[in-house]
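Every value quoted in this text rests on a predicted model; they were computed, and no experiment measured them. Both counts, for ligands and for their atoms, begin at 1 and track the order of listing.
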Amino acid sequence: MQRSLAPERLATLVGRLDRAPAYRGLCLALQELIGDGRIPIDTRLPSERLVAAALGVSRNTVTRAYGELVAAGYASARQGAGTFATVPMERRRAHDHALGAAKVADGAIDLTCAAGAATPGTAAAYARAVAALPAYLSGDGYLPSGLPALQARIAAMYARRGLPTSAGQIVVASGALSALAIVARMLSRPGDRILVDTPGYPNAMGALTVGGARLVGAPLGDPLGDTGWDLDGIEATLREAAPRMAYVIADFHNPTGFLMDEAQRARYAAALEAAGTQAIVDETLQATRLSEAPMPAPFAAFSPGAITVGSASKLCWGGLRVGWIRAPQALVERLVTARVQLDLGSSLLDQLVVAELIDAEAVFATRRAQVRRQRDALAQALRTQLPDWRFRLPDGGLSLWVRLPHGSATRLAADLERDGVHLAPGPVFGVEGGFDRWLRIPYAKPEAQLVEAVRRMARAWSALPRERGRQPAAARPLIA
Ligand SMILES: Cc1ncc(COP(=O)(O)O)c(C=O)c1O
């Protein structure tokens, strides 16, 4: 989708201009903003005259800056239409996030997946579920909206979080990703627009667009700052693009770890309402808070029409493949119809296991201390061994979003593969690529592995400038 950038907004994003010389400072600032996805690809940049006025520089300066930007591959000039943001071909997003287990050599550390081992008590819950199974075997086993006992437990979890919910509002799905596929199947039509954060979770982007919808990326605010969402930008995009849906990860956003506060939730929800845009809220990481601070109220408490998806994957275990949809009662029948066309229902045994395990606080409390230790061990190792890599320590989620001081994360990730560390570089998370200064480093693995991974990262990083000629290896599939 094409959109335009107001000159005042460009001036705010550029901030203080390095004037030695000014055209070069402007070109580099724009390069960074486009590369980081804060100016989305295909955005029409303001005319040279308006930028000159907004920045207080000569028109010549802007003409030269735009010229250099085009030469560097970060903009294209279209006859009669203006100058548009783009990124060099090799930094475009790798469209190969096929789900599937990648092969990892012995001794290699796979940090492409932000998910940990099963929560303690999972095997015992399976044993209890097997014992309960005979009561169900005389039935046909198809439960398109879910196992009633599990629907009731999930509804009770929402009620405890301050969002009254009946069991009938819950549809159990085979994981949050599958839940998103059901929602997209019900709601989206070819050519629809879906607002997504960029960077964001790539598999959700894939699930939401299978029916031919198109993504509109809403750049997040400074990933090293504390504000999270750029609500001015989101409101402008909603007005301009009028997307049919918006996909929102308000709770420990993947990959940045941002948590949306209640004031932001209220403002975002009001903007969606004004634009007539359906909120699809992904709460997969909701229960991963690492401090004792209370969580904000669920996004749907501010947006009564929102459809929310959740998951047992981070709370209990990804191997269960159980997630759910919470929807306004009026939409449930259509959701179940869409679901029946997809997979008829989720595994009954796994639903029994989740019904045994699920109790957000009790379950996650047992792992919170462990995950916090892992996060801190990773942060400490990075600070000691790679002090010029920058990140914000998130209070939840399962990964750090790390900025390299220079160079390409894609190239570093390719070199690290050969050193036995598998990581997802920034462009994997961008709607259209960009983010090549960023790496997502999950802390879902044991501390010793994280420390060893950082040791290998430091080695690869120090060797990087001497190995610029190498071709990036093929990108690996990203799962969680
Ligand atoms: C934001 C987000 N949504 C969905 C998923 C997939 O969840 P599930 O395993 O329930 O399909 C993940 C996995 O990491 C995620 O981070």
Task: Nearest heavy-atom neighbours spanning G420 and R456 - done: O-NH1, 3.0 Å
TODO: Measure the shortest side-chain to side-chain distance between I280 and L180 over non-hydrogen atoms and say whether it is less than 4.5 angstrom.
DONE: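 SC-SC contact between I280 and L180 confirmed.
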[atom]: the protein heavy-atom neighbour that sits closest, reported with distance to 0.1 Å:
| atom | result |
| --- | --- |
| atom 16 (O) of ligand 1 | N254 ND2, 2.8 Å |
| atom 14 (O) of ligand 1 | K314 NZ, 2.6 Å |
| atom 6 (C) of ligand 1 | Y201 OH, 3.7 Å |

Taking only heavy atoms of [X] into account, list the atoms of ligand 1 that are under 4.0 Å away from them.
| X | result |
| --- | --- |
| I249 | 1 (C) |
| R321 | 8 (P), 9 (O), 11 (O) |
| L285 | 16 (O) |
| S311 | 8 (P), 10 (O) |
| L177 | 11 (O) |
| G175 | 10 (O), 11 (O) |

TODO: Describe, in one word, how the ring planes of F258 and W229 are oriented to each other, choosing from parallel (under 30°), tilted (30 to 60°) and perpendicular (over 60°).
DONE: tilted
- [ ] May I ask you to check if ligand 1 and S174 share an N or O to N or O distance below 3.5 Å?
- [x] no
TODO: Identify whether the distance between the nearest side-chain nitrogen and carboxylate oxygen of R455 and D419 falls below 4.0 Å.
DONE: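 Salt bridge: no.
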Task: Salt bridge present between D232 and R267 (N-O < 4.0 angstrom) - done: yes
So, [X] versus [Y]: side-chain donor-acceptor pair below 3.5 Å or not?
| X | Y | answer |
| --- | --- | --- |
| R326 | T165 | yes |
| D282 | Y247 | yes |
| R214 | S188 | no |
| S347 | R321 | no |

- [ ] Check N203 against ligand 1 and report side chain, backbone, both or neither, counting heavy atoms closer than 4.0 Å.
- [x] neither
- [ ] Determine whether the side chain, the backbone, both or neither of D282 has a heavy atom under 4.0 Å from any heavy atom of ligand 1.
- [x] side chain
Open item on the list: Looking at non-hydrogen atoms alone, which of A115, C113, S313, G310 comes nearest to atom 8 (P) of ligand 1?
Closed with: S313
